[in-house]
K.L.:
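Could you have a look at this structure, given as structure tokens, before my questions?
Each ligand, and each atom within it, is numbered from 1 in the order the structure gives.
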Amino acid sequence: MNINQEFETIAAISTPLGTGGVGVIRISGNKSFEIAGKILDGIELKVGRICHGWVCDGEKKLDEVIILPFKSPNSYTGEDVIEIQCHGGVNVVRNILDVVLKNGARPAERGEFTKRAFLNKKLDLSQAEAVDDLIHSKTSEFAIQSAKNLSGVLAAKTEEIKAKIFETASKIVAGIDFPEDVKEPEYSYLTESFEASINEIDKILACAKSSDILRQGVKVAVVGRPNVGKSSLFNALLNLDRAIVTDIAGTTRDVIKETLDLGVAVTLIDTAGIREDENLDKVEEIGIEYSKQSVADADLVIFMYDASAGFGKADDEIYQIIKDKKHIVAANKIDLLKTDFKPILENTVKISTLSKTGLDELKEKMKNIICDFSLDDTEFITNKRQQNCLERCRESLTGALEAAKREELQDMIYIDLKSAMLSLDEITGEVINDDILNNIFDHFCIGK
Ligand SMILES: Nc1nc2c(ncn2[C@@H]2O[C@H](COP(=O)(O)OP(=O)(O)OP(=O)(O)O)[C@@H](O)[C@H]2O)c(=O)[nH]1
Ligand SMILES: [Mg+2]
């Protein structure tokens, strides 16, 4: 983006394009008020006051709206901003955006409002990334965690670690610059200080795996022979009649996916029953191939067999395919059993999708396996970029630590500390190059 573009006034529809109660068009830049003046039918805009009236295109009235005027720097972007709240129809919002563009704004690029907010220091980069996480969160848990970063939790922690490194670095510099007046810090002090900082970084990185799982979710495939009740379980877990259930073996012939919120976003996958039969038609054969592929792609497999029929050779053949993956065995149709039984496979949950028995236990087992961490312990949500910055910071600190242990020249140690601090600055975006910045905001939606 060139400098001129950055000063242009931009506009976009900030609400999803669809039918709803309200639609929002946002304008940002120093021409915002001028444009609003041209399209608002005689409304006098007062900053800090909500205004009401009509948006017009010349003589044509487009919609009755509410306007929120913000003057720089007190706005989301830090620039002059006008937010128009109109009725939430696809064509109403488009008509209003068109008239705004006709009167001097240009369409905003992806994430451009938030990028401007970052460039105008309304948000640091970790907060800007949290905005994107919040919008795209697949579960309520992840939304709550993202909101924590939006409030600056990660930035504050990063600042705290940096302050500690800075303090130690300052003592080294003082010793180097004023050797007569200031003594170099003791090496024992340095090693202690670096170990403490590495420890703090490790605490954040320990949450990296859970951050990734919370952000991306996991894939759980239900597999087994035909007719064992896979689609019935799929529907029961979703609380939805999504997949067709019949007593005909080979009912499901395609892979069906739906999202389930178990704190972590679970993509639940129903598959075609796996069986060997020379007389299978082509569709079922392809379906079975997809089932095997789903097993390969899944993070967790629910292997199901019909407990009323017993665990047979055909079940065992499928079990052999999945047994090395993370899995739970679901012994289904226990409602048909007259007596209780002792499952032969480890990790078996006895269920009946018909009488809804054992489903809570199954969900609990799923949760425990998916989160081999406790979600409450996910103190810090990070993305890959932030994890990479932390890892680089950790490497530099480890270099400094090793050097301090060898009692090397403190000038050399200081160089490592400087790179450690630079890596931390990248998290909040105090130091960042344009390519990385554009890459981050290119993933945002238009209008954010
Ligand atoms: N008694 C009893 N019947 C069940 C239970 N779960 C499923 N069924 C019945 O078993 C039959 C097959 O169920 P589905 O859910 O279609 O089985 P599936 O494993 O998806 O079968 P395919 O799609 O053919 O691979 C249906 O008639 C279901 O009503 C259960 O817990 N108890
Ligand atoms: Mg099925």
K.L.:
Where does Thr246 meet ligand 1, judged by heavy-atom distances below 4.0 Å: at the side chain, the backbone, both, or neither?
P.N.:
backbone
K.L.:
Should the proximity of Leu336 to ligand 1, defined as any heavy atom under 4.0 Å, be assigned to the side chain, the backbone, both, or neither?
P.N.:
side chain
K.L.:
What part of Ile248 sits under 4.0 Å from ligand 1 if we count only heavy atoms: the side chain, the backbone, both or neither?
P.N.:
backbone
K.L.:
To the nearest 0.5 Å, what is the distance between CG (Leu401) and OG (Ser193)?
P.N.:
9.5 Å
K.L.:
Using a 4.0 Å heavy-atom cut-off, which part of Thr251 comes near ligand 1: side chain, backbone, both, or neither?
P.N.:
both
K.L.:
Output, by chain and residue number, all protein N/O/S atoms separated from the Mg ion (ligand 2) by less than 2.8 Å.
P.N.:
Ser231 OG, Thr252 OG1
K.L.:
When you look for heavy atoms under 4.0 Å from ligand 1, do you find them on the side chain of Ala249, its backbone, both, or neither?
P.N.:
backbone
K.L.:
Name each donor-acceptor pair under 3.5 Å that joins a side chain in residues 85-95 to protein atoms two or more places apart or in another chain, with its distance.
P.N.:
from: His87; atom 1: ND1; to: Asp63; atom 2: OD1; distance (Å): 2.7
from: His87; atom 1: ND1; to: Asp63; atom 2: OD2; distance (Å): 3.1
from: Asn95; atom 1: ND2; to: Asn91; atom 2: O; distance (Å): 3.3

K.L.:
At what distance is the nearest protein heavy atom to atom 29 (O) of ligand 1, and which residue and atom is it?
P.N.:
Val245 CG1, 3.9 Å
K.L.:
Atom 4 (C) of ligand 1: which protein heavy atom is closest, and how many Å away?
P.N.:
Lys333 CE, 3.7 Å
K.L.:
Measure the acute angle between the ring planes of Phe311 and Phe303, then classify it against the limits of 30° and 60° as parallel, tilted or perpendicular.
P.N.:
perpendicular
K.L.:
How far is atom 18 (P) of ligand 1 from its nearest protein heavy atom, and which residue and atom name does that atom have?
P.N.:
Lys230 N, 3.4 Å
K.L.:
For atom 5 (C) of ligand 1, what is the closest protein heavy atom, and at what distance to 0.1 Å?
P.N.:
Thr353 OG1, 3.4 Å
K.L.:
Just need the protein heavy atom nearest to atom 14 (P) of ligand 1, so name the residue and atom and give the distance.
P.N.:
Ser232 OG, 3.6 Å
K.L.:
Measure the distance from atom 1 (N) of ligand 1 to every protein heavy atom, then report the residue, atom name and distance (to 0.1 Å) of the closest one.
P.N.:
Asp335 OD2, 2.9 Å
K.L.:
Apply side chain to side chain contact (heavy atoms under 4.5 Å, CB included) to the pair Lys157 and Glu200, showing each step before the final yes or no.
P.N.:
CA-CA 9 Å; Lys157 184 71 195 172; Glu200 290 303 306; 2.5 Å; yes
K.L.:
Nearest 0.5 angstrom please: Asn383 CG to Glu129 CD, how far?
P.N.:
4.5 Å
K.L.:
Could you find the nearest protein heavy atom to atom 17 (O) of ligand 1 and give me its residue, atom name and distance?
P.N.:
Gly229 N, 3.2 Å
